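This report concerns only the one structure given below.
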Amino acid sequence: LRYCQTVACGEPFAILKGAILKMYEHSRAHDMGTLRAACAAGLGELLACQLSEHTVLAPLLVTALQDKLPDSRVGAMRGIRHAARNAGADGLPMPCIQQLVEPVYTCTTDSKEHVSLAADQTLLRLLQVREDPEKMKNFVRACSSPSTGRAVAEYCRKSLANVELEESDVE
């Protein structure tokens with residue numbers, strides 16, 4: 001990102017986005033796990049830089065969250081947390097949150113502990129559970145599936161009450 005910002009060209013974000021998307025597709029096509037995880041995190045970093053791109057980036061993050069490789073799922077959640085942390089007081093746009101919450105919530109039951117812990121951390125950041133309780137209410141109201149909205153809200157109330165944010169997630 002720093003390189004693209006210093007290059008004398010008109011579209012540094014577009015260059016970076018194109019590079020990450022090409023690397024992500026290449027890593028998926030050739031089953032390159034480490035690169036795939038880094039690219040999944042990069043998608044979230046892109047979202048942090050340009051929230052207006054959420055309509056393009058959120059579906060790609062959903063794909064990464066459903067990846068068979070645990071590290072790719074964790075990478076996507078790391079990127080999502082970064083985007084949510086840098087989105088300001090209002091957080092990510094609600095349509096973006098709606099797309100991301102269900103696959104993140106699904107990861108809370110993953111058999112790999114580092115994946116389920118990352119999912120807990122991501123739900124805390126994404127829904128701003130502690131900072132803005134209204135965000136959760138808005139999500140539940142806007143959720144296309146009322147049962148999913150209620151299940152996520154109940155999980156957050158009961159299971160995330162004592163979860164501490166990771167050091168890297170503390171501002």
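Note that the structure is predicted; figures quoted are calculated from it, not measured.
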Connected via hydrophobic side-chain network under 4.5 Å: M23 and L47
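Yes; tracing contacts between hydrophobic side chains, which count when under 4.5 Å, links both residues.
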Treating Ile, Leu, Val, Met, Phe, Trp and Tyr as nodes and any side-chain heavy-atom pair under 4.5 angstrom as an edge, say whether L60 and L69 lie in one connected cluster.
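No, separate clusters.
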Taking only residues two or more places apart in sequence or in another chain, which ones pass salt bridge (charged side-chain N to carboxylate O under 4.0 Å, His left out) with K137?
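For K137, the residues satisfying salt bridge (charged side-chain N to carboxylate O under 4.0 Å, His left out) (neighbours in sequence not counted) are E134.
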Does E25 have any salt bridge (charged side-chain N to carboxylate O under 4.0 Å, His left out) partners at least two apart in sequence or in another chain, and if so, which?
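Applying salt bridge (charged side-chain N to carboxylate O under 4.0 Å, His left out) to E25 gives none.
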Is there side-chain contact between [X] and [Y], with heavy atoms separated by less than 4.5 Å?
| X | Y | answer |
| --- | --- | --- |
| L160 | L123 | yes |
| K135 | N138 | no |
| D132 | L127 | no |
| T34 | D71 | no |

Just how far is it from atom [atom1] of [X] to atom [atom2] of [Y], taken to the nearest 0.5 Å?
| X | Y | atom1 | atom2 | value |
| --- | --- | --- | --- | --- |
| S27 | I20 | OG | CD1 | 11.0 Å |
| R78 | Q121 | CZ | CD | 13.0 Å |
| M32 | S72 | CE | OG | 13.0 Å |
| L92 | L51 | CG | CG | 6.0 Å |
| C143 | Q98 | SG | CD | 6.5 Å |
| E102 | I97 | CD | CD1 | 14.5 Å |

For [X], check side chain to side chain contact (heavy atoms under 4.5 Å, CB included) against everything at least two apart and list the hits.
| X | answer |
| --- | --- |
| E53 | F13, K17, Q50, V56, L57 |
| A19 | none |
| V115 | P70, R73, V74, M77, C107, D110, K112 |
| P133 | none |

Can you list the residues that meet the side chain to side chain donor-acceptor pair (under 3.5 Å) rule with [X], with sequence neighbours excluded?
| X | value |
| --- | --- |
| S116 | none |
| N86 | H82 |
| K158 | E154 |

Once ring pair (Phe, Tyr, Trp, His ring centres under 6.0 Å) is applied, what residue pairs with a partner in residues 136-157 remain, sequence neighbours excluded?
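Sorted result for residues 136-157: Y105-Y155.
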Going by ring pair (Phe, Tyr, Trp, His ring centres under 6.0 Å), name the pairs with one or both residues in residues 24-51, residues two or more places apart or in two chains.
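Residue pairs passing ring pair (Phe, Tyr, Trp, His ring centres under 6.0 Å), neighbours aside: H26-H30.
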Validation: residues 35-43 side-chain donor-acceptor distances under 3.5 Å, sequence neighbours left out:
{"residue": "R36", "atom": "NE", "partner": "D67", "partner atom": "OD2", "Å": "2.8"}
{"residue": "R36", "atom": "NH1", "partner": "D31", "partner atom": "OD1", "Å": "3.2"}
{"residue": "R36", "atom": "NH2", "partner": "D67", "partner atom": "OD1", "Å": "2.8"}

If you take all heavy atoms of [X] and [Y], which pair is closest and at what distance?
| X | Y | result |
| --- | --- | --- |
| L100 | L65 | O-CD1, 4.1 Å |
| V104 | A119 | O-CB, 3.5 Å |
| R81 | A118 | NH1-O, 3.5 Å |

Would you confirm whether T63, through its side chain, and P59, through its main-chain N or O, come within 3.5 Å as a donor-acceptor pair?
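Flag set: sc T63 to bb P59 pair under 3.5 Å.
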Are the side chain of T109 and the backbone of T106 linked by a donor-acceptor contact shorter than 3.5 Å?
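Looks like yes, one N/O pair under 3.5 Å.
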